[in-house]
*Asks:* 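Have a look at this one.
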2 protein chains.
Amino acid sequence: MTKTQMAERLSEFHLFSDLFPTQIALLTNKTKFLDVSRDAILFNQNKQAHGFYLLLKGQVKLGVESLDGSEKVIRLIQSGQSFGEESIFSDHTFSMYAYTVKDSQALLISKEAILDIIDTDVKLAGRMLSVFSTRNYQLVKDIKSICLQNSTKRITDYLLQINRTFRGSDCFRLPTNKTIIASMLNITPETFSRVMQKLQNAGLITVNGKDIVINNISGLHDFK
Amino acid sequence: MTKTQMAERLSEFHLFSDLFPTQIALLTNKTKFLDVSRDAILFNQNKQAHGFYLLLKGQVKLGVESLDGSEKVIRLIQSGQSFGEESIFSDHTFSMYAYTVKDSQALLISKEAILDIIDTDVKLAGRMLSVFSTRNYQLVKDIKSICLQNSTKRITDYLLQINRTFRGSDCFRLPTNKTIIASMLNITPETFSRVMQKLQNAGLITVNGKDIVINNISGLHDFK
């Protein structure tokens, strides 16, 4: 990827869309293009962060792992989304690992360049605060869902949430495979299949592989 | 509390310790002193935030509640700590409620005043980013603990974490009651009591009401 193309992608990104060309140039000089196949580790838990990532293409899961190798997926990153910002504003290491689920292309934007710009550009700092605030909100929502909602409610909420991102249509495709979705919802893949079957039997959804049609939104919302 | 006392408390607070006297005066004018007895709600889930809180005295739990009234405590606030910042940097409402566990005194610092100062003071924005980053880190750690660790490991980690804040001594007092600690760890109060008894029987800790002595740190760390 050429420097010009990188500069273009960076200036399209919502956090950077108000930056001056000189600031974009500074960022571009401190940004690396990564082209990685699926099943690769972009960063690991407990490693120092040298920057944060903007996914251009592919799919990445962010997760945590216990000593015995059990995994919990925290977030699924789609192209156009960024991740890893949290670790550049404190001395913490990465709290999660990042693993490519599909062949992926990403930009790694150096910590040093971001901190340099933020030092003088309060607008960027404000946008970053808003990003962090939203992440925080989502993490609290996840904890609530894991601790207080049964698996059926977690799944119906998840389907309704994806559906909201496809406005004007009640058909959508699940963004990733069953195992990853189940891990995000902290249930087993078997429970996910079983509940999806139950929702289909109740006439609320129609499932065709990864393609879902919601037949009855309010019914899905109220299903217990 | 007089305006002068409020100004003093605000300038001692780590986020504001580098602000100029004129900035502290601006904040003080937009800050309310709250004196509330225990078992009072400071704010509720899904309400708009008008500011964030600095606890001067007492104890506050931040939690989420499900429709059926089940509770999950997310964070316990001690005097000198702040909370509710996340909701002033986005259009989100509060993701949690805040409830006083003890008679409490707090300062409510208005959103408007903070945003005014941050608009021109990039240093404050940077400190706030660091606060958010740490919160984020802690929430991910909590999700990991809830999803991937058994209740014994959650409790030993919790005890070791409190112990680290009392450097130089292996005696400390539990910061709050059993029900709140159990809710933070997403276990029942009965499980908490049972595991504490097990740790005592193994000679790793000595429990006397809320007072704990750790007799064997590495044993506690490795206990399964």
Side-chain angles (χ1 to χ4, degrees), chain A residues 45 49 62-75 85-96 114-115 117-150 153 183-186 224, chain B residues 45 49 62-75 85-96 114-115 117-150 153 183-186 224:
Chain A
Q45 270 173 275
L62 304 184
V64 286
E65 201 179 39
S66 65
L67 287 177
D68 69 1
S70 313
E71 176 185 52
K72 161 81 180 100
V73 176
I74 308 269
R75 240 176 99 209
E85 295 93 332
E86 297 87 346
S87 309
I88 62 178
F89 293 102
S90 67
D91 296 333
H92 295 301
T93 49
F94 282 116
S95 57
M96 303 179 269
I114 289 292
L115 294 184
I117 296 183
I118 279 197
D119 259 357
T120 55
D121 190 326
V122 81
K123 218 166 170 179
L124 179 58
R127 287 189 178 195
M128 204 61 107
L129 279 167
S130 163
V131 167
F132 280 18
S133 152
T134 303
R135 296 266 165 87
N136 233 286
Y137 191 84
Q138 188 58 47
L139 288 169
V140 170
K141 219 171 135 193
D142 288 349
I143 293 181
K144 179 179 173 183
S145 158
I146 293 165
C147 296
L148 302 180
Q149 291 175 345
N150 65 31
K153 177 77 178 144
S183 177
M184 286 200 285
L185 304 176
N186 203 40
K224 273 169 190 153
Chain B
Q45 267 173 277
L62 303 183
V64 287
E65 201 179 39
S66 66
L67 287 178
D68 70 2
S70 314
E71 176 186 53
K72 162 83 179 101
V73 176
I74 308 268
R75 240 178 100 208
E85 294 94 333
E86 298 87 346
S87 309
I88 62 178
F89 293 102
S90 68
D91 296 332
H92 295 302
T93 49
F94 282 116
S95 57
M96 302 179 269
I114 290 291
L115 294 184
I117 295 183
I118 280 197
D119 258 359
T120 55
D121 190 325
V122 81
K123 217 164 171 182
L124 179 58
R127 288 190 178 195
M128 202 63 104
L129 279 166
S130 162
V131 167
F132 280 18
S133 151
T134 303
R135 295 268 164 87
N136 233 287
Y137 190 83
Q138 187 57 47
L139 288 169
V140 170
K141 219 171 138 194
D142 287 348
I143 293 181
K144 180 178 173 185
S145 157
I146 293 165
C147 297
L148 301 181
Q149 291 175 346
N150 67 28
K153 177 79 177 139
S183 178
M184 285 199 287
L185 303 176
N186 203 41
K224 271 170 190 153

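Residue numbers begin at 1 in each chain, while the letters A, B, ... track the order of the sequences. These figures come from a predicted structure and were not determined experimentally.
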*Asks:* Would you call B:Glu85 and B:Arg135 a side-chain contact if the rule is heavy atoms closer than 4.5 Å?
*Replies:* yes

*Asks:* Select one option (side chain, backbone, both, neither) describing which atoms of A:Asp68 are under 4.5 Å from chain B's heavy atoms.
*Replies:* neither

*Asks:* Rounded to the nearest 0.5 Å, how far apart are CG of B:Leu185 and NZ of B:Lys153?
*Replies:* 12.5 Å

*Asks:* Heavy-atom distances under 4.5 Å only: say whether A:Ile118 touches chain B with side chain, backbone, both or neither.
*Replies:* both

*Asks:* Is any side-chain heavy atom of B:Thr120 less than 4.5 Å from a side-chain heavy atom of A:Val122?
*Replies:* no

*Asks:* Out of A:Ser183, A:Ser87, A:Ser130, A:Ser145, return the one with the most heavy atom pairs under 4.5 angstrom to chain B.
*Replies:* A:Ser130

*Asks:* I'd like to know if the side chain of A:Lys72 reaches the main chain of A:Gly63, judged simply by a donor and an acceptor atom lying under 3.5 Å from each other, with no hydrogens or angles considered.
*Replies:* no

*Asks:* For each of A:Ile88, A:Asp121, A:Thr134, A:Asn136, tally heavy-atom pairs with chain B at distances under 4.5 Å, and name the one with the top tally.
*Replies:* A:Asn136

*Asks:* Identify which part of A:Gln138 has an atom lying under 4.5 Å from any heavy atom of chain B, answering side chain, backbone, both or neither.
*Replies:* neither

*Asks:* Tell me the closest heavy-atom pair linking A:Glu86 and A:Phe132, and the distance in Å.
*Replies:* CA-CZ, 3.6 Å

*Asks:* Chain B heavy atoms under 4.5 Å from A:Lys144: which part of the residue, side chain, backbone, both or neither?
*Replies:* both

*Asks:* To the nearest 0.5 Å, tell me how far B:Ile114 CD1 sits from B:Leu124 CG.
*Replies:* 6.0 Å

*Asks:* Chain B heavy atoms under 4.5 Å from A:Glu65: which part of the residue, side chain, backbone, both or neither?
*Replies:* backbone

*Asks:* A:Thr93 versus chain B, heavy atoms under 4.5 Å apart: side chain, backbone, both or neither?
*Replies:* both

*Asks:* Taking all heavy atoms of B:Ser66 and all of A:Leu148, pick out the closest pair and write down the distance.
*Replies:* N-CD1, 3.5 Å

*Asks:* For B:Leu139, is it the side chain, the backbone, both or neither that has a heavy atom under 4.5 Å from a heavy atom of chain A?
*Replies:* both

*Asks:* Kindly compute the distance separating CG (B:Leu67) from CD (A:Gln149), expressed to the nearest 0.5 Å.
*Replies:* 8.0 Å

*Asks:* Please look at A:Glu71 and chain B and tell me whether the side chain, the backbone, both or neither of the residue comes under 4.5 angstrom of a heavy atom of that chain.
*Replies:* backbone

*Asks:* Report which part of A:Leu129 has an atom under 4.5 Å of a heavy atom belonging to chain B: side chain, backbone, both, or neither.
*Replies:* both

*Asks:* Let me know if A:Asp142 has heavy atoms under 4.5 Å from chain B in its side chain, its backbone, both or neither.
*Replies:* side chain

